[in-house]
Enquirer: 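There's a structure below that I have some questions on.
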Amino acid sequence: MIAVAQIVQAVDLTALLALSIKEAEDLDASNPLRHFFASGGSSGRRTPKQADHALLPSQPPSISRQTTQLAFGREALNGRLPIPISLAVDASPGCGGIAWPAGQVLAKYLVDLGPESVQGRRVLELGSGTGLVGLVAAALGAQQVCITDQLPLLDIMRENVLLNDLAANMTVMELNWGEEIPQDLFPLDVILAADCVYYEPAFPLLVQTLSDLVTDAKTEVLFCYKKRRKADKRFFALLKKKFDWAEVTDSLDHEVYSREQISLLRLRKRY
């Protein structure tokens, strides 16, 4: 995840709906920070005092250098022991340093599918943050898992790999969306992404990186996100230029996480 100190949840919805994608892109270029600030009053104008109060998504603001214990699995259903994950979390490098809900949904889905979903396969996680989803994929027996994010988050990702004794089949790599993909990452069998839709100027970069990573029609892409604001529609308008998708409905938790505005999608690249 892109390390940003504050993320907006409230925007001027009336103005946003009136903008075309091209107009929104032009505004992003002229003022990349415009999404960080709440609108002021019914006029939609922002005063300097109001602009100081950027809005955060729901998260504990005081998380710093903590370790939490998680477990994924349903022993009663599949006869396997739950997969324990020790997760170091730290909000100081940015919002990517904590565990977000869509990541936990995707991790649970992989475990419910069972080891065969990743066993013997090469897996890459985009915007890994703490590395949670990739850690679960590695624990399930993936041949190789590469977890990626921006530079400030690499240390916590490395710490989590070591905490879970998964260094044998995991690597940590800096990967900035929109930049050239290192060729030694290929071929990839599975691409995982969770909670990556939150910073609007990065939408086209994320779509481009997803497209660049999928070089084979057989590559599986699982994409999980939590709907937070109307601007998310712009991401999917951009994604539609490169991918088709279908909602995953065979998850045992589908009804539960859907109520929380979380969607799990399977993407297929357009050729």
Enquirer: Between the side chain of Asn169 and the main-chain N/O of Ala138, is any donor-acceptor distance below 3.5 Å?
Expert: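 Yes, the answer is positive, given that a donor and an acceptor are paired below the 3.5 Å cut-off.
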Enquirer: Please determine, by modelled atom types, if Asp253 and Tyr109 share a side-chain donor-acceptor pair under 3.5 angstrom.
Expert: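 No, no side-chain donor-acceptor pair sits under 3.5 Å.
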Enquirer: Test Lys226 against Asp195 for salt bridge (charged side-chain N to carboxylate O under 4.0 Å, His left out), laying out the working first.
Expert: CA-CA 7 Å; Lys226 179 177 174 66; Asp195 275 313; over 6 Å; no
Enquirer: Looking at Val214, is its backbone amide N or carbonyl O close enough to the side chain of Lys269 to form a donor-acceptor pair, meaning the two atoms are under 3.5 Å apart?
Expert: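 Yes, Lys269 side chain to Val214 backbone: donor-acceptor pair under 3.5 Å.
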Enquirer: Is Val145 close to Leu166 at the side-chain level, that is, under 4.5 Å between some pair of heavy atoms?
Expert: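 Not touching, per the 4.5 Å side-chain cut-off.
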Enquirer: Check whether any side-chain N or O of Arg268 sits under 3.5 Å from a backbone N or O of Ala217 as a donor-acceptor pair, and report yes or no.
Expert: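 No, the answer is negative, given that no donor and acceptor are paired below the 3.5 Å cut-off.
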Enquirer: Can you confirm whether Val123 sits close enough to Asp189 that some side-chain heavy atom of one is under 4.5 Å from a side-chain heavy atom of the other?
Expert: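 SC-SC contact between Val123 and Asp189 ruled out.
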Enquirer: Do you know which two heavy atoms are closest between Met157 and Ser128, and how far apart they sit?
Expert: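 Taking every non-hydrogen atom into account, CE-CB, 4.0 Å.
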Enquirer: State yes or no: are the ring centers of Phe223 and Phe235 separated by less than 6.0 Å?
Expert: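 Judged by ring-centre distance (under 6.0 Å), Phe223 and Phe235 do meet the cut-off.
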Enquirer: Hey, is the main chain of Leu188 close enough, under 3.5 Å, to the side chain of Thr219 for a donor-acceptor pair?
Expert: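 At least one qualifying donor-acceptor pair exists.
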Enquirer: Would a single hydrophobic cluster contain both Leu162 and Leu153, if residues Ile, Leu, Val, Met, Phe, Trp and Tyr are joined by side-chain heavy-atom contacts under 4.5 Å?
Expert: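 As far as the 4.5 Å side-chain criterion goes, Leu162 and Leu153 are not connected within one cluster.
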Enquirer: Of all the heavy-atom pairs spanning Val248 and His254, show the shortest one and how long it is.
Expert: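 Val248 and His254 have their closest heavy atoms at O-CD2, 3.3 Å.
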Enquirer: Quick one: list whatever passes side chain to side chain contact (heavy atoms under 4.5 Å, CB included) with Glu179, sequence neighbours left out.
Expert: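 Checked Glu179 against side chain to side chain contact (heavy atoms under 4.5 Å, CB included); matches are Asn176.
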Enquirer: Have a look at Ile156 and tell me which of Val161, Ile98, Asp90, Val172 forms a side chain to side chain contact (heavy atoms under 4.5 Å, CB included) with it.
Expert: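 Testing each of Val161, Ile98, Asp90, Val172 against Ile156, the sole residue satisfying side chain to side chain contact (heavy atoms under 4.5 Å, CB included) is Asp90.
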Enquirer: Going hydrophobic residue to hydrophobic residue with side-chain gaps under 4.5 angstrom, can you get from Leu113 over to Val118?
Expert: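 Linked within one cluster.
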Enquirer: Identify the two heavy atoms, one from Ile262 and one from Pro101, that lie closest to each other, and give their separation to 0.1 Å.
Expert: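 Closest pair (atom of Ile262, atom of Pro101, distance): CD1-CB, 3.8 Å.
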Enquirer: Quick check: do Trp177 and Cys196 have side-chain heavy atoms less than 4.5 Å from each other?
Expert: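 Counting from C-beta outward, Trp177 and Cys196 do come under 4.5 Å.
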Enquirer: Check Ser258 against Glu247 and note the closest heavy-atom contact, atom names and distance.
Expert: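 Smallest interatomic distance, heavy atoms only, reads OG-OE2, 4.4 Å.
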Enquirer: When rounded to the nearest 0.5 angstrom, what is the spacing between CG in Leu135 and CG in Leu110?
Expert: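 If I round to the nearest 0.5 Å, the distance is 11.5 Å.
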Enquirer: If we ignore hydrogens and angles and just use 3.5 Å, is the side chain of Asn160 paired with the main-chain N or O of Thr130 as donor and acceptor?
Expert: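 A pair under 3.5 Å: yes.
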Enquirer: Is the backbone N or O of Leu206 less than 3.5 Å from a side-chain atom of Thr209, with the two atoms forming a donor-acceptor pair by type?
Expert: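 The answer is no, because no donor-acceptor pair under 3.5 Å joins these two groups.
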Enquirer: Would you say that Arg270 contacts Lys240 through its side chain, given a criterion of any heavy-atom pair below 4.5 Å between the two side chains?
Expert: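 With C-beta onward as the side chain, the pair touches.
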Enquirer: Determine whether Gln208 and Leu205 make a side-chain contact, defined as any pair of heavy atoms from C-beta on separated by less than 4.5 Å.
Expert: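 Answer no - side chains too far apart.
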Enquirer: Specify the closest pair of heavy atoms between Ala107 and Phe72, including all atoms of both residues, with the distance to one decimal.
Expert: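 Closest approach of Ala107 to Phe72: CB-CE2, 3.8 Å.
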Enquirer: Show the nearest heavy-atom pair for residues Ala193 and Leu106, with the distance to one decimal.
Expert: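 Closest approach of Ala193 to Leu106, heavy atoms only: O-CD2, 3.8 Å.
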Enquirer: For the side chain of Arg122 and the backbone of Cys146, is there at least one donor-acceptor N/O pair under 3.5 Å apart?
Expert: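 Checked: no pair found.
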Enquirer: Looking at Tyr225 versus Phe236, is the centre-to-centre ring distance below 6.0 Å?
Expert: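 Yes - the distance between ring centres of Tyr225 and Phe236 falls below the 6.0 Å cut-off.
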Enquirer: Please lay out, stage by stage, how Ile191 and Leu267 fare under the test side chain to side chain contact (heavy atoms under 4.5 Å, CB included).
Expert: CA-CA 10 Å; Ile191 297 168; Leu267 309 187; over 6 Å; no
Enquirer: Taking the side chain as C-beta and beyond, is there a heavy-atom pair between Val221 and Arg266 under 4.5 Å?
Expert: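 Sidechains of Arg266 and Val221: no contact.
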